[in-house]
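I have placed the structure first, in the form of structure tokens, so that the comments after it can refer back to it.
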Amino acid sequence: MKSLTILGSTGSIGTQAIEVCEALGYRVDGLSANRNVSLLEKQARSLHVKEAVIADESRYGELKLALKDTSIRVSAGEQALCRLAAENDSGMVLNSVVGMTGLKPTLAAISAGKDIALANKETLVTGGRLVMDAVKEKGVNLYPVDSEHSAIFQCLQSHDARRQLKKIILTASGGPFFGRTKEQLYNVTVADALKHPNWSMGAKITVDSATLMNKALEFTEAVFLFDVQPEQIEIVVHRQSVLHSAVEFVDCSVIGQMGVPDMKIPIQYALTYPDRVPSMAAPLSLTDYGTLTFEKPDYDTFRCLAAGIRANELGGTMPAIANGANEQAVALFLEGKISFLQIGELVEAALELPYQKTYRTVEEVYAADRAAREFVLKQI
């Protein structure tokens, strides 16, 4: 029986991953959540896990009390999260935590020789070279869970596909504000930004989708995952989220992966690879959709997208700076302290910070992240 540890189990990806594991009959040994004690308790009891970790140390007592009548080990904090990722019987760790918090547990799991199902894009955005070098050194597998990267991964399964790859076509839904001008975005609210047209996601990721920063992060993720140059990636806005991404080969043939917008499909493929098994997702009916559209992104209005791509081109610790600035700016927006358009302005401004053109340690990455967050806070 395949066994997993799920980091970020109370979020959108985590809850769906649990559904997939239950449908497949896979065992879940460990779970973690950021602050949601109530749901984490229910999940831990239902799955009979060995350990539950709450990242927010202030919630440790609450979780410990909630599970006191069980044999489940309860822990809290960053070190406990890394230990959970590394020190258990699971053969795979599914990382669906939000933000840069996911980097250290990913590295811990890889160091312990565990395969990774990665839904935490910030892991590769901030520490991509460290992660991919560790994957190669330890000989583990890293399977993408994001629908776009799963699609690209699936399109590259044929013999010699990587060598014959010409270009990646990375699709974007465009979020709730695609087509609007900068003037039309001055007064958008948090509630407006959280109304994604196709996907149900957590607040931070949904705001990233609204600013298109999510696509900038996925751009950098794709560079590391598939070992391509930035100029080999084309971003295309596809409002229906049916074509999840595609690849173009040297002969100009294009192969894409399609399906209804349901994250259970890429989650399941990451867990069952190389096999495909029936899933809980609905089948795709192209005639029901009728028309699929493809448009160019508006880089001028959605400044996060341009800034994130520029950070990738600069390289080194600059993607970590752009990501840290964005995480801090999004938190301020969700708290009502800055406007929607200020998110992009702050990320763009952070590109002027000094950065290292190369990095060798996770501490250097975290230092860049801290500098970016401090910079953003000083601008408010």
Side-chain angles (χ1 to χ4, degrees), residues 11-12 34-35 55-56 97-103 120-122 125-126 172-197 199-220 235 237 297-312 314 317-355 365-380:
S12 176
N34 183 27
R35 302 186 77 254
D56 184 344
V97 303
V98 176
M100 192 179 170
T101 307
L103 175 57
N120 171 253
K121 58 182 63 64
E122 292 86 355
V125 171
T126 61
S173 71
F177 303 138
F178 183 74
R180 297 195 193 184
T181 64
K182 192 176 296 184
E183 290 71 25
Q184 292 172 322
L185 295 177
Y186 278 129
N187 297 314
V188 300
T189 66
V190 171
D192 294 331
L194 294 178
K195 294 176 183 175
H196 195 281
W199 299 97
S200 175
M201 304 176 290
K204 192 267 180 183
I205 299 174
T206 306
V207 173
D208 281 350
S209 181
T211 64
L212 296 194
M213 185 66 180
N214 201 41
K215 206 52 51 181
L217 299 178
E218 290 175 3
F219 182 98
T220 298
I235 296 175
V237 176
D298 180 353
Y299 292 94
D300 292 330
T301 300
F302 297 93
R303 295 168 71 176
C304 276
L305 179 58
I309 292 173
R310 176 62 179 151
N312 175 269
L314 290 170
T317 57
M318 187 52 77
I321 288 173
N323 179 75
N326 178 69
E327 287 192 24
Q328 187 63 69
V330 170
L332 291 169
F333 171 67
L334 290 171
E335 293 168 3
K337 295 179 179 178
I338 64 171
S339 71
F340 178 78
L341 288 177
Q342 281 181 285
I343 300 173
E345 293 169 2
L346 289 165
V347 173
E348 193 173 63
L351 298 186
E352 300 302 319
L353 287 170
Y355 74 103
V365 174
Y366 271 78
D369 173 78
R370 286 192 300 272
R373 292 173 191 270
E374 291 169 3
F375 169 80
V376 168
L377 291 171
K378 288 178 181 177
Q379 310 309 305
I380 306 308

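These numbers come from the heavy atoms of this one structure, side chains and all, not from hydrogens, waters or symmetry mates.
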>> Test side chain to side chain contact (heavy atoms under 4.5 Å, CB included) on Gln342 and Leu332; report intermediate values, then the result.
In response: CA-CA 10 Å; Gln342 281 181 285; Leu332 291 169; over 6 Å; no
>> Looking at Gly99, is its backbone amide N or carbonyl O close enough to the side chain of Asn120 to form a donor-acceptor pair, meaning the two atoms are under 3.5 Å apart?
In response: yes
> Under the side chain to side chain contact (heavy atoms under 4.5 Å, CB included) criterion, do Leu351 and Arg310 qualify, and how do the steps go?
Replying inline: CA-CA 8 Å; Leu351 298 186; Arg310 176 62 179 151; 3.8 Å; yes
> Are side-chain heavy atoms of Ile309 and Ile235 found at a separation under 4.5 Å?
Replying inline: yes
> For the atom pair CZ (Arg373) and CG (Asn326), what is the distance rounded to the nearest 0.5 Å?
Replying inline: 9.5 Å
> So do Tyr366 and Leu103 actually touch side chain to side chain, heavy atoms under 4.5 Å?
Replying inline: yes
> Does the pair Leu217 and Glu122 meet the rule for a side chain to side chain contact (heavy atoms under 4.5 Å, CB included), with working shown?
Replying inline: CA-CA 7 Å; Leu217 299 178; Glu122 292 86 355; 4.1 Å; yes
> Which pair of non-hydrogen atoms, one from Phe178 and one from Asp298, has the smallest distance, and what is that distance?
Replying inline: CE1-N, 4.4 Å
> In Å, rounded to the nearest 0.5 Å, how long is the span from OH of Tyr355 to CD1 of Ile321?
Replying inline: 8.5 Å
>> Keeping Thr181 on the side-chain end and Gln184 on the backbone end, is there a donor-acceptor pair under 3.5 Å?
In response: yes
>> To the nearest 0.5 Å, what is the distance between CG on Leu341 and SG on Cys304?
In response: 9.5 Å
>> Could you report the tightest heavy-atom contact between Val97 and Thr101, atom names first, then the distance?
In response: CG2-C, 4.2 Å
>> Could you report the tightest heavy-atom contact between Ala322 and Val347, atom names first, then the distance?
In response: O-CG1, 4.1 Å
>> For the backbone of Thr189 and the side chain of Asp192, can you confirm whether one donor and one acceptor N or O come within less than 3.5 Å of each other?
In response: yes
> What are the two closest non-hydrogen atoms of Thr317 and Ala368, and how far apart are they?
Replying inline: CB-CB, 3.7 Å
> So do Val207 and Ile343 actually touch side chain to side chain, heavy atoms under 4.5 Å?
Replying inline: yes
> So Thr301 and Phe177, side chain to side chain contact (heavy atoms under 4.5 Å, CB included) or not? Walk me through it.
Replying inline: CA-CA 10 Å; Thr301 300; Phe177 303 138; over 6 Å; no
>> Nearest 0.5 Å, please: how far is CZ in Arg303 from CG in Leu346?
In response: 9.5 Å
> Say you draw a straight line from CZ of Phe302 to NZ of Lys182; how long is it, rounded to the nearest 0.5 Å?
Replying inline: 10.5 Å
> Taking the side chain from Glu327 and the backbone from Met100, do they hold a donor-acceptor pair closer than 3.5 Å?
Replying inline: yes
>> Within the structure provided, determine whether Val376 and Ile338 are in side-chain contact (heavy-atom separation under 4.5 Å).
In response: no
> If you look at every heavy atom in Gly308 and Ala216, which pair is closest and at what distance?
Replying inline: CA-CB, 3.6 Å
> Looking only at heavy atoms, what is the nearest atom pair of Ala372 and Gly324, with distance?
Replying inline: CB-C, 4.0 Å
>> With rounding to the nearest 0.5 angstrom, report the NZ to CG distance, Lys121 to Asp208.
In response: 7.5 Å
